[in-house]
Amino acid sequence: MLLSVIKRYGATLLGGLIIAGFVVASVFTIGGATVGELVETGARARGTEFARLLLGPGGHVDAFLTGIARTPDAETSIRKIAGLAGIESFAVFDRKGQEVYRSRSDRYDWLLRDRPGGISSGDRLSQTTLTKPGAWSIVQDDRTTNPSFLTPLIRDGRTIGYVSVVADMIAQRYAFKATLARASVSLLLILFMATGLPLLLYLRRKRKIAEAADRIDFLANYDSLTNLLNRKRMQEETDRVLATVRATRERMGYLYVDLDELSEINDRLGQNSGDELLTVVAARLAAVVDPSDLIGRIGADDFAVLRRRITSIEDIAALAKRIFDAVCEPVELAGEIVKPRVSIGCAMVPEDGRTHSELVKHAEIAHLHHKTDKSRNLVFFEPAMDEAMHHRRYVEALVRAAVENESFELFYQPIVDGDGSRLLGFEALLRLRDENGEYISPSIFVPIAEARGYIKAIGTWVIREATRQIAQWPEDLFVSVNLSAVQFGDGDLVRIVETALGEANISGNRLEIEVVESLLLDRSEDILAQLRELRTLGISIDMDDFGTGYSSLGYLWRFPFDKLKIDQSFMVALENGEPNVSRLLETIVSMAHHLKMKVTTEGVETEAQVALMKSLGCDQLQGYFFGRPMPADQVAAEILTRFRHNTVIDEPEPRQRPLRQGA
């Protein structure tokens, strides 16, 4: 801190010290000269007055010059006058400059101190002094001892001798210096108040401006939350490094690291917990990369690492493993243990790009592939992925427009009773057209909608549209819709369903909700509680795709589902002649009936399949044999009319059942 202050304000502080030193030195120099002049003036005044007294009627100057008629009383009187006048000692010289009287010995002060009758040391004045014309005086002051004063004794215009006086100015000199010191201190204080305080205020303002400039510079180049390079600075630094690639032929890897499910953590634990997780992940990333590598935060939950000086692909793979091991360590957030997950894509330099824009684009594409395939620690970019990404973005734009404009469509596939003679209801299936009017497979657009956070809005629209449509058909028919785990996340699903039922003016028994087993794996108690509330509205709760995935019987007794839907894969296996399929089907139907649940078999496409499921006591059937998914207007024109007469369409060629919303 101190070094930083000295570095930043060193020149200013040095200049201030120089000025202050100059002022102090000037004050003392001028003050010293002033004291000297005051002392000299005082000595001159005392010497001049003493010379006047000597020349006066009672001064006895002639007696001192000639030594004749000099009485002890006269000498004593002169000595008293000198003492009263503040004169320490004096000497008288004749007009030839020869000393004739000295009141005391300065040379032998310890031996001859104010000797009565005085002494004569034999000193002489210089010829230069003797030739000075007129009245004059000389003061000699070494600024430490008492000053001496020399002046001619002039009577009637004629020099009759000279007098030298040593004035006692020690006390006055000390008084002058003390007075000057007080004045100097006062002056310095005034100067400090007049200039020092403004200087301090200036320095304080300058420091704040410098701190603000540093903060602005930091925010312009670094992420304020993680202290990593921001996207702009990361791009600049990456392009600067890449500019040398052609000359150095250095191989590098650009890693796009995405923190999975951050939005869910923000929603569940709060924004502060999400920020804390980002800080932890950033620190862990910074700890595993080399000092020569570049690392930055380039998105809300996205980080980038430019790995330098690699010798092989294995170097990147090893770094990705270290990132996984470090980042995926559990973290406690808001009292809950969270295990972070990341998706990593890598673009190589120079193969996959020579600019930051190219590298981040290709690495991002690769990381999206890693999101769907976590069998490896990362996915390397391949040129074929670029075309797939263009199509993904195209579909994403279609999904976004469909959400904003509510331009999705619902197709309806009939569900009939166990012998296929009576129509019971429909399953609503989501459809999306492209710009050419062709339908896009749900297996393509539904995962994109889930990844981009559109699935709740889509699910809400499906519930509202399906209930609106079933209200226009006979009252004994129901409609079934599939729910995604995201729709349970905010805890407002029951309200959304109640609103839809109220707007359609139908009872809850005309709506069935299908969920898959995987939905109950996370926060199962919360989801089961919402399912129970839905059930109180008269809505049938169905377990979809039973027989695939986990197929845990624990969920069947923890929550009493109203219906099991046997996955269509059993019909495919049956058609392929795989052994024991019919026995498994019989077991599932029997178990469901013992648990007081109905059973619906999906994917029924042949008359033999209908006969088998009828013999096993299956309650409901669904598949191409009874009708393909179709728009609502076609349902009214074909399905409702046909089943009104209890007929079934001709057996079609077997086809795979279309995927539903959320499947």
Side-chain angles (χ1 to χ4, degrees), residues 263 368 372 387-415 425-473 477-490 492-493 495-506 510-515 544 624 627-640 655-663:
S263 59
L368 291 173
T372 59
E387 182 177 349
M389 177 53 63
H390 281 300
H391 184 258
R392 178 185 176 89
R393 288 174 177 164
Y394 169 70
V395 174
E396 182 181 331
L398 292 176
V399 171
R400 182 169 56 251
V403 170
E404 294 172 353
N405 303 321
E406 296 189 346
S407 56
F408 286 104
E409 298 179 24
L410 284 184
F411 276 27
Y412 299 88
Q413 186 173 31
I415 301 174
F426 299 90
E427 180 178 3
L429 303 170
L430 189 65
R431 294 292 182 267
L432 175 66
R433 294 178 186 262
D434 62 18
E435 294 177 343
N436 298 321
E438 300 293 331
Y439 287 104
I440 301 172
S441 171
S443 64
I444 295 176
F445 73 79
V446 170
I448 294 175
E450 289 178 335
R452 292 303 179 185
Y454 297 129
I455 203 67
K456 181 177 180 180
I458 295 173
T460 301
W461 177 84
V462 168
I463 293 172
R464 190 173 69 247
E465 178 61 21
T467 52
R468 183 196 66 79
Q469 185 59 58
I470 197 65
Q472 301 179 24
W473 291 337
L477 299 180
F478 66 83
V479 65
S480 176
V481 297
N482 294 269
L483 295 187
S484 167
V486 176
Q487 293 173 261
F488 290 86
D490 295 334
D492 58 353
L493 177 62
R495 179 184 58 78
I496 291 172
V497 172
E498 282 184 313
T499 301
L501 293 174
E503 291 176 351
N505 195 26
I506 61 173
R510 299 196 65 189
L511 177 64
E512 293 190 358
I513 286 177
E514 300 182 13
V515 297
D544 194 18
Y624 274 22
R628 301 179 182 182
M630 59 187 67
D633 55 353
Q634 192 174 347
V635 168
E638 296 183 16
I639 303 298
L640 295 180
R655 290 183 58 184
Q656 184 178 357
R657 177 175 173 267
L659 291 171
R660 301 181 298 272
Q661 174 236 342

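Just so you know, residue 1 is the first one in the sequence shown, and it goes up from there.
- Around CD of Q472, the count of heavy atoms belonging to other residues, nucleotides or ligands within 6.0 Å exceeds 12.
- The shortest non-hydrogen separation linking L477 to G425 is CD2-N, 4.0 Å.
- Side-chain atoms of L501 and L511, non-hydrogen and from C-beta on, do get closer than 4.5 Å to each other.
- Interatomic distance, CG of L410 versus CD of Q469, reported as 8.5 Å (0.5 Å rounding).
- In this structure, the side chains of V497 and T467 stay at 4.5 Å or more apart for every pair of heavy atoms.
- The environment of CG in N405 is crowded: more than 12 heavy-atom neighbours from other residues, nucleotides or ligands sit within 6.0 Å.
- To the nearest 0.5 Å, the span separating CG on L483 from CZ on F488 amounts to 5.0 Å.
- In this structure, the side chains of Q487 and I463 come closer than 4.5 Å at one or more pairs of heavy atoms.
- Closest of all the heavy-atom pairs between A401 and S407 is O-OG, 4.0 Å.
- Between E396 and R392, no side-chain nitrogen of the basic residue sits less than 4.0 Å from a carboxylate oxygen of the acidic one, so the salt-bridge criterion is not met.
- Atom CD1 of I455 sits about 7.5 Å away from atom CG of L430, to the nearest 0.5 Å.
- Under the 4.5 Å side-chain criterion, counting only non-hydrogen atoms from C-beta, I458 is in contact with F408.
- No donor-acceptor pair closer than 3.5 Å links the side chain of R510 to the backbone N or O of V479.
- One distance of note links OG1 of T499 with CZ of R464; it measures 10.0 Å at 0.5 Å rounding.
- Atom OG of S263 is separated from atom CZ of R452 by 11.0 Å, given to the nearest 0.5 angstrom.
- P447 approaches P442 most closely through the heavy-atom pair CD-O, 3.5 Å.
- For the residue pair A428 and A466, the shortest heavy atom distance occurs at CB-CB, 4.3 Å.
- For the atom pair OG1 of T460 and CG of L493, the computed distance is 8.0 Å after rounding to the nearest 0.5 Å.
- Here salt bridge (Lys or Arg N to Asp or Glu O under 4.0 Å) pairs that include residues 433-447, with residues two or more places apart or in two chains, are E409-R433.
- In this structure the side chain of D544 never reaches within 4.5 angstrom of the side chain of V515, judged on heavy atoms.
- Between R431 and P629, some side-chain heavy-atom pair lies under the 4.5 Å cut-off.
- Between R495 and D490, none of the side-chain N atoms (NZ, or NE/NH1/NH2) sits under 4.0 Å from a carboxylate O, so this pair counts as no salt bridge.
- A 4.5 Å side-chain heavy-atom check between E638 and M630 finds at least one atom pair inside the cut-off.
- Counting only heavy atoms from C-beta outward, the side chains of Q413 and L429 approach each other to under 4.5 Å.
- For residues 429-473, the ring-ring contact (aromatic ring centres under 6.0 Å, His included) pairs, not counting sequence neighbours, are F411-Y439, Y412-W473, F426-W473.
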